[in-house]
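Worksheet: the structure to be examined is printed underneath.
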2 protein chains.
Amino acid sequence: MKLTKNQQLVYEALKQAEMPQTAYNLLDGLRDEGLRAPPQIYRALDKLLELELVHRLESLNAFVACAHQHHNDGFSAFSICNDCGAVEEFNLPQVSEILSDWSSQKAFVAETTTIEVRGHCAKCART
Amino acid sequence: MKLTKNQQLVYEALKQAEMPQTAYNLLDGLRDEGLRAPPQIYRALDKLLELELVHRLESLNAFVACAHQHHNDGFSAFSICNDCGAVEEFNLPQVSEILSDWSSQKAFVAETTTIEVRGHCAKCART
DNA sequence: ACGAATTGTGTTATGTTATTACATATGCTA
DNA sequence: TAGCATATGTAATAACATAACACAATTCGT
Ligand SMILES: [Zn+2]
Ligand SMILES: [Zn+2]
Ligand SMILES: [Zn+2]
Ligand SMILES: [Zn+2]
């Protein structure tokens, strides 16, 4: 799967970043590369989300590169520290399983499932 | 627990509504009651969220009244139809359990956990 | 009952996030 | 090489959320 220039720029920027980035963060960081307007960022993000190379953190309005090799099941789960902003992506097959079962029962056709656990990371909780 | 006038207005509006409402939807609906500016809505919502009488649907930037009697575990889960916008709140204790275990292992202190399953409801998927 | 502290309110202005609309360009394929 | 789908650049605008300030109401200890 070949990414276009803007898609690569945004993807690389997200992989470099150690923290979630908003669209406007990304835009600021990529001005030198010639990106100048929000749609350029959002369009690249749309494609990357579709490919699941990137996830959107709904509760932060921010984006991260997928921490795993590549998945295409539409499931993602994160813990997010309210103090330092650290984010960790995790995968709990049991949870996916239970949610799939629930969907089947309800005849709901799931496309994407997002889990966001907000609180305090080990480091911040210690203080 | 006693709600103030604005909090009651917003809460009632959300309970009446059969669909998730954005803050600006609520504002429009409550102009006749004297509410005129976004902060009045957002402040009421903040309080209602804190009491968990209301939930925020992160992926929609919208709000719903809690479908359950009252819970205070910070945990909520929804299915959201991308076609008709219908939302269903559900509760899967097993999932809460697994996520709690994961948090414990990671020494992550969870405050609120949100699950949003997006896709197509039974009715919309049939067509 | 009094004053202080806290909480809620009303309002204006502003900040942040995301999309619409339209013109142009690029790459593929019939 | 014409047509089509996809990508890009740009300006303008829409949608969502908060900051800051003045004032009113409520709570609580004395
Ligand atoms: Zn991932
Ligand atoms: Zn932290
Ligand atoms: Zn609830
Ligand atoms: Zn539906």
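In what follows, every chain begins at residue 1, and chains take the letters A, B, ... in the order their sequences are listed.
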If every non-hydrogen atom of [X] is compared with every non-hydrogen atom of [Y], which pair is closest and at what distance?
X: A/Q7; Y: A/K47; answer: NE2-CG, 3.4 Å
X: A/A65; Y: A/E89; answer: O-OE1, 4.4 Å
X: A/E52; Y: A/G74; answer: OE1-N, 3.1 Å
X: B/P20; Y: B/V87; answer: CG-CG2, 3.5 Å
X: A/N91; Y: A/S96; answer: OD1-OG, 4.4 Å
X: A/S79; Y: A/F90; answer: N-CE2, 3.6 Å

task = Please report how far the helix from C/dA1-D/dT30 to C/dA30-D/dT1 bends, comparing the axis fitted to its first five pairs with the axis fitted to its last five, to the nearest 10 degrees.
result =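 Axis angle across the helix from C/dA1-D/dT30 to C/dA30-D/dT1, nearest 10°: 40°.
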Short side-chain N/O contact from [X] to OP1 or OP2 of [N], under 4.0 Å:
X: A/R36; N: D/dG9; answer: no
X: A/T4; N: D/dT8; answer: yes
X: A/Q40; N: D/dG9; answer: yes

inquiry  = Quick check on B/E111: does its CD atom have over 12 non-hydrogen neighbours (other residues, nucleotides or ligands) under 6.0 Å away?
reply    =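 Count over threshold, so yes.
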ask   = Mapping A/A44 and A/P38 onto DNA chain D by nearest heavy atom, which one lands closer to the 5' end?
value =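 Taking each residue's closest nucleotide, the earlier one in sequence belongs to A/A44.
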key: Contact check, side chains of A/K15 and A/V10, non-hydrogen atoms, under 4.5 Å   =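 A/K15 vs A/V10: side chains apart.
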query = Got a sec? Which of residues 10-29 of chain B come in under 4.0 Å of DNA chain D, heavy atoms?
reply =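 Within residues 10-29 of chain B, the residues near DNA chain D are B/T22, B/Y24.
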query = Among residues 56-67 of chain B, which residues get a heavy atom nearer than 4.0 Å to DNA chain D?
reply =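 Only B/R56, B/N61 qualify.
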Hey, quick one: are [X] and [Y] part of the same hydrophobic cluster, counting side-chain heavy atoms closer than 4.5 Å, chains of contacts allowed?
X: B/L51; Y: B/Y11; value: yes
X: A/F78; Y: A/L14; value: no
X: A/V64; Y: A/L45; value: no
X: A/F75; Y: A/L49; value: no

task = Round to the nearest Å and state the distance from A/Y42 atom OH to D/dT13 atom P.
result =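 One finds 18 Å between P of D/dT13 and OH of A/Y42, rounded.
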key: Leading and trailing nucleotides of DNA chain C with any atom under 4.0 Å from heavy atoms of chain B   =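 So the contact region on DNA chain C extends C/dG8 to C/dT12.
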query = When clusters are formed from ILVMFWY side-chain contacts under 4.5 Å, directly or step by step, what else is grouped with A/V109?
reply =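 Joined to A/V109, directly or through intermediates: none.
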Residues B/R31 and B/E33 bridged, charged N to O under 4.0 Å =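 No, no charged N to carboxylate O under 4.0 Å.
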request  = Starting from the C-alpha separation in whole Å, work towards a yes-or-no answer on side-chain hydrogen bond (donor to acceptor under 3.5 Å, both in side chains) for B/R118 and B/S59.
outcome  = CA-CA 9 Å; B/R118 306 207 47 171; B/S59 65; 3.2 Å; yes
inquiry  = Across nucleotides 19-29 of chain D, 5' to 3', mark each nucleotide with B, S or - according to how protein heavy atoms within less than 4.0 Å reach it.
reply    = BB---------
